[in-house]
Structure formats: structure tokens, C-alpha cells
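Reading through the C-alpha cells given below for one structure.
Numbers restart at 1 for each chain; the letters A, B, ... are given by sequence-line order, proteins then strands.
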There are 2 protein chains.
Amino acid sequence: MNIHWDDYRAVLAVVRKRTLSAAAEDICVNYTTVARRVARAEAATGEVLFERLAEGYRPTEAGQLVAQHAAQMESAEHAMLRGLSGRDTRLEGELTLTAPQLLIAHGLAPVLDEFSKQHPSVTLRIRAANEILDLNRREADIAIRISHNPGDTLKGLRLTAQHVTGFASPDWAARMADDPMGAVDWLVYEKRPELPEYVRKTYPGSRIRMRFDDMVAMSSAAQSGLGVVRMPMFLGRSLPGLVQVPLLPPKPYADIWVVAHPDVWPSAKLEAFRAITVPHFRERRPMFVA
Amino acid sequence: MNIHWDDYRAVLAVVRKRTLSAAAEDICVNYTTVARRVARAEAATGEVLFERLAEGYRPTEAGQLVAQHAAQMESAEHAMLRGLSGRDTRLEGELTLTAPQLLIAHGLAPVLDEFSKQHPSVTLRIRAANEILDLNRREADIAIRISHNPGDTLKGLRLTAQHVTGFASPDWAARMADDPMGAVDWLVYEKRPELPEYVRKTYPGSRIRMRFDDMVAMSSAAQSGLGVVRMPMFLGRSLPGLVQVPLLPPKPYADIWVVAHPDVWPSAKLEAFRAITVPHFRERRPMFVA
DNA sequence: ATTCATCCATGCATTTCTGCATATCCCTGA
DNA sequence: TCAGGGATATGCAGAAATGCATGGATGAAT
């Protein structure tokens with residue numbers, strides 16, 4: 001009658017990952033252990049939870065039912081850990097920050113430096129991720145994000161507005177100033193594959209030369225003179241070998257926010273982080289806007 | 001970073017029970033184990049969860065936070081177990097029934113008999129409880145209850161209506177028929193300490209001789225001739241040595257229901273139980289009403 | 001004041017769990 | 001048809017968790 005709760009967790013992992021090995025990695029145990037915990041859960045519930053197939057474990061209906069409720073247990077655990085973290089008044093231990101790769105590389109370094117100097121007992125863990133980490137699941141404690149609002153369930157402070165405009169190598173910029181009607185090669189981001197109307201009006205010779213799925217690659221291509229890139233002001237201004245192209249008016253872009261889960265928000269470490277970040281962005285506002 | 005989920009359960013039990021030993025009994029392990037699990041949880045969370053006092057463990061704020069979320073995990077587990085139970089199509093294993101003590105003793109026996117004959121692989125577990133067991137927490141699978149509705153979150157079938165009237169030893173009944181204006185000694189139930197108006201009108205000589213907190217004791221007192229008791233028809237009729245007193249009209253009383261949690265309701269064992277119980281009460285309706 | 005019951009801490013032997021190494025199975029692609 | 005990769009089972013030794021017994025402390029009742 002008393003089922004080990006950790007066995008539920010094994011079932012959940014297997015349902016999510018479909019194989020013992022992947023599930024085992026998920027919960028940091030040997031896959032043999034996962035197999036045995038699943039077997040124990042089956043014995044305790046009296047239900048077959050998985051079909052054992054050559055390509056992995058396929059959950060039965062009962063298995064899915066168990067996993068579904070185990071997922072609820074898991075989110076209760078996450079809420080608990082957030083709650084504990086939020087009421088933590090200590091300035092020591094780990095603090096995990098996530099931010100877009102390029103923001104970390106070009107603008108956040110002084111913040112990290114300052115924070116680790118002021119709070120040497122805190123180990124900063126940086127996750128330079130292009131994907132959005134799940135702050136509910138504590139994949140990170142705090143995030144710097146570029147967006148129009150803090151996000152559904154999250155709390156946030158707007159650090160600064162941003163503008164975007166075209167940047168290119170100096171010779172491109174010179175050519176565009178000399179002959180605005182001439183050909184202009186653009187490098188664009190896969191997710192925004194079209195040029196805005198105002199760009200085509202200003203430079204009728206615009207054409208898309210390449211599409212990139214990665215902003216780092218794209219900006220180094222621009223540095224090498226392959227073409228013009230629309231990018232946030234702070235980025236174009238801090239990348240050597242790039243200058244702002246003429247005639248194009250900088251346009252508003254998504255703001256920069258510092259966000260965290262409201263449960264975690266009050267923690268001392270996060271407060272300390274914000275105390276450094278907010279003034280930092282306020283002072284450097286001119287870097288980000290036109 | 002990977003906390004054993006069973007450690008949370010230990011914390012929850014200690015917060016609920018206040019001492020290691022009681023908590024240990026709750027979760028069927030040695031109290032030493034509870035102590036160690038709590039210690040492990042404290043190490044893993046980095047928080048002190050309890051103050052160790054001579055009279056037991058007192059939870060800190062952090063401890064209460066953990067317990068609160070562990071309770072959520074626990075109810076997710078209960079929901080899971082209910083779900084598994086509800087989709088169980090087997091007519092074997094255990095089935096736990098709860099019902100008021102007196103109903104089991106006087107009226108339910110044939111149902112139990114019939115059920116165990118038809119389904120010999122099912123082990124019936126009977127909990128004759130005067131308190132209401134928590135069907136959410138699976139303290140029982142199914143309940144026979146005397147009430148006006150199935151209950152907030154539960155599903156139910158009305159088995160029969162009931163009437164209530166006065167019962168006493170034959171000499172009391174004879175005396176009351178002879179001299180309705182004479183003295184009548186009543187034995188009443190603590191929770192309904194007053195006699196209804198219509199009783200006092202019919203028998204102006206009524207007086208309360210004793211109050212009981214237990215219906216079994218009260219009915220045997222009536223059997224011994226100590227006085228008159230208002231009780232459900234089925235009970236008065238099935239207790240030897242008691243007869244219905246004259247003049248008093250039987251009054252409607254709370255109905256009898258068979259109830260279960262909606263998650264568990266569809267299970268084969270419960271269906272089988274209802275298949276026996278419902279017709280049984282339908283046939284014996286005359287026992288319960290005037 | 002003393003006894004008693006209750007509760008917690010700790011050391012030790014045992015049971016249980018875990019990880020590793022090996023064997024087996026199945027599907028896929030040459 | 002046969003080799004190879006990925007997946008699951010199983011035997012065994014080491015690690016971890018558990019239960020028991022002992023000892024000490026505290027508070028309630030006599």
C-alpha cells in the first residue's frame with residue numbers, strides 16, 4: 001500500500017523519454033535502476049504500466065495516468081523549491097542566470113563582473129541560451145529577455161527600450177551614402193525573412209543575399225563585409241568593424257527585461273542582482289536607443 | 001539537486017504529527033528512518049526544517065512550506081490511485097466499505113453475504129465508522145451514508161427513504177397507549193438533545209431522562225426498558241424487545257445513500273457492489289419507511 | 001523529589017538498493 | 001544473410017538505507 005514516491009518519478013521520466021536509458025539520464029541514475037523502479041511501481045499498483053518493446057517502453061493507459069499525476073507532483077515540487085528559494089535571505093550559493101547569447105557577450109559582462117565582486121560567495125551560473133528556459137521548472141533563477149512584456153506568469157522589470165537599425169562594414173556604409181539607389185545586399189534572420197517596407201523605400205536596390213539562423217554567424221558575416229544586417233543598436237555599436245548605415249531611421253525594437261518567477265523574485269540573491277542590473281542599464285541607455 | 005521525494009513525505013508526516021515516532025507510524029517506517037529522511041531533506045534544501053525540541057519536532061517556516069507542497073503531492077498521488085482504481089475491471093483484490101455501525105449490524109449483513117458469495121476473489125474490508133471517512137484519501141472505496149445528499153465532491157445513488165419514530169419496550173408502549181397524558185421517559189442522542197414539538201404535543205408528559213453519545217448504548221437502554229428512543233424504523237424494527245410506540249406519526253428522516261468518489265465509481269468492484277446493494281434496498285423498502 | 005512515560009540521538013548489523021559488466025533481443029542497412 | 005547499433009534483461013559486488021538496541025534528556029504525575 002505504500003508506494004515509493006521516487007518510483008512515480010521513474011515512471012514519469014520513462015513516459016517522457018520513451019526509453020529506460022534516456023529516462024535514467026533525466027533523473028541521474030543508472031537505467032537499471034529505472035527499470036527496477038518501474039517494475040516496483042507495477043507491482044505496487046497491480047497494473048502493467050508499460051509494454052516492453054525493442055525500441056523502448058511504451059506506456060499503457062495506466063502508465064499515462066500515473067505519469068500525468070506524477071507530473072502534478074513534480075510541479076508541486078517545483079513550486080516548493082521556488083518558494084524556498086524565494087524566501088532565502090542568504091547571499092551565497094548558486095544563482096543561475098539565463099540571457100540571449102549576444103546580450104551576454106556584448107553588454108552584460110560588466111554586470112556579471114560587478115555582481116561577482118560584490119557577492120563573492122555566490123556562484124554565478126550563466127546559461128547563454130537562445131531558447132527560452134523554463135523559470136517555472138527552475139532551469140534558471142532569473143532571465144534577461146528581449147520581449148514586449150515579462151511573460152504570462154512571470155514578474156519583471158523593464159531595463160531599457162531598444163532601437164534597431166542597419167549595420168555594415170564602413171565601405172558598405174560609404175557606398176550607401178554615395179549612391180542610395182544602388183544595390184544593397186542584406187543578410188537577414190531566418191525568423192524575420194523579409195525586409196521592412198521602409199527599408200525598401202529608402203534603398204530601392206535592396207536584395208536579400210543570405211538568410212541565417214544564427215545571429216552570431218550573421219554578425220560576423222557583416223563584419224567581413226558580406227552585407228548589411230538589421231540589428232539592435234547595442235550590438236552594432238559594440239561589434240568592431242561595423243558602422244551604422246546612413247539614411248535609415250532607427251526603429252523601436254522589443255525592450256530588455258529582467259524577469260523571474262514571482263515565487264523566487266524576493267530572494268536576496270535576485271534582489272542583489274537587480275540592484276546591480278537596473279542602474280547599469282539605466283546608465284547605458286544611450287547604448288541601446290538611437 | 002535531486003531530492004528524494006520520499007523525504008518530502010517524511011517531512012509532511014512530521015509536520016502533521018509533531019513527533020518522529022508518530023510520523024513514523026504514519027508512513028510505516030522506523031522513526032530513525034524518519035529522522036534521517038528529515039535530515040537528508042534539510043541537507044538537500046539547505047534549510048532548517050524543524051526545531052528539535054524535547055517534546056517533538058516543531059516545523060520552521062521553511063518546514064511548513066515544504067509540508068504544504070508535499071501535501072499537494074500527496075493529493076496528486078491520491079488522485080492517481082483513485083484513477084487507477086476506477087479503471088480497474090478486475091473482480092478481485094480488496095474492496096473497502098464504510099457504513100454507520102448500526103446499519104451494518106442491522107440491514108447490511110445480507111448484502112455483504114451476497115457480495116462475498118458472488119465475488120469470492122474480492123476481499124471485503126468493512127470499516128464500521130461513526131465518523132465520516134475521507135473517500136478522497138481512499139480511507140474507503142465506497143460508503144453507505146445517511147444524509148440528504150451524496151456530498152460535495154462525491155457521486156451517489158439514493159438507496160431508500162427513511163422514516164423515524166419512537167421505539168420502546170412493550171410495557172412502555174402499552175402504558176403510552178393507556179395513558180397518553182402520563183409521564184414518558186425519553187432517551188435522546190447528544191447531537192439532537194431536544195424533543196421535537198410534535199412529540200411534546202402528543203405526549204405532554206414527556207421528559208428527557210438520559211442523553212447518550214452512542215446509538216448502540218442508547219438502543220440497548222431502550223431494550224432494557226429505560227425509556228423511549230426516537231430511531232430509524234429499520235433499527236427499531238430489527239432490534240428484539242422493542243416495539244413502535246403508539247400515536248406518534250413516523251416522520252421523514254435522512255435518506256440512505258451509496259456514495260463513492262467519481263474517480264473510483266466506474267470500477268468493476270464498485271459496480272458489482274451497487275448491483276447487489278441497490279435491488280436489496282429497493283426490495284426492503286418497507287423496512288425503512290412507515 | 002522521584003518515578004515513569006515519551007521522545008530524540010547514535011552505533012551497529014542487516015537488508016535493500018544501486019551500478020557495472022555481461023548476455024540477449026530486435027531492427028536496420030549493406 | 002550478416003554485421004552493427006541501440007535497447008532491455010540479469011548476476012554480482014559495493015554502497016546506501018533501514019531497523020534495532022542502547023543511552024540520555026525532558027516533562028507530567030505521584
Decide, yes or no, whether a salt bridge links [X] with [Y] under the criterion of side-chain N to carboxylate O below 4.0 Å.
X: Asp88(A); Y: Lys269(A); answer: yes
X: Glu25(A); Y: Lys17(A); answer: no
X: Arg90(A); Y: Glu47(B); answer: yes
X: Glu74(B); Y: Arg16(B); answer: yes

Taking atom types as modelled and ignoring hydrogens, do the side chains of Glu51(A) and Tyr57(A) form a donor-acceptor contact shorter than 3.5 angstrom?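 No.
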
For Thr96(B) and Arg125(B), which I'm curious about, is there any donor-acceptor pair between the side chains at under 3.5 Å?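 Present: a donor and an acceptor within the cut-off.
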
Using a 6.0 Å distance limit plus a 45 degree cone around the ring axis, check whether Arg274(B) lies over the aromatic ring of Trp265(B). yes

Just the rounded figure in Å: distance from [atom2] of [N] to [atom1] of [X].
X: Arg18(B); N: dC8(C); atom1: CZ; atom2: P; answer: 12 Å
X: Arg58(B); N: dC8(C); atom1: CZ; atom2: P; answer: 13 Å
X: Asn30(B); N: dT22(D); atom1: CG; atom2: C1'; answer: 13 Å
X: Glu51(B); N: dC8(C); atom1: CD; atom2: C1'; answer: 15 Å

Please check this pair: side chain of Arg58(B) against backbone of Leu53(B), looking for a donor-acceptor N/O pair closer than 3.5 Å. no

So, Glu42(A) side chain and Phe50(A) main chain: donor-acceptor pair closer than 3.5 Å or not?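 A pair under 3.5 Å: yes.
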
Answer yes or no: does atom CD of Glu61(B) have more than 12 heavy-atom neighbours from other residues, nucleotides or ligands under 6.0 Å?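 No, because the 6.0 Å sphere around CD of Glu61(B) holds 12 heavy atoms or fewer from other groups.
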
Taking the axis from the first five pairs and the axis from the last five, what angle separates them in the helix from dA1(C)-dT30(D) to dA30(C)-dT1(D), rounded to 10 degrees?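 Computed from the C1' atoms at both ends, the axes differ by 30°.
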
Summary of protein contacts for nucleotides 9-17 of chain C, nucleotide by nucleotide, where a base hit scores B, a sugar-phosphate-only hit scores S (4.0 Å, heavy atoms): BB------S

So which protein nitrogen or oxygen atoms get under 3.5 Å of nucleotides 27-30 of chain D's nitrogens or oxygens?
none

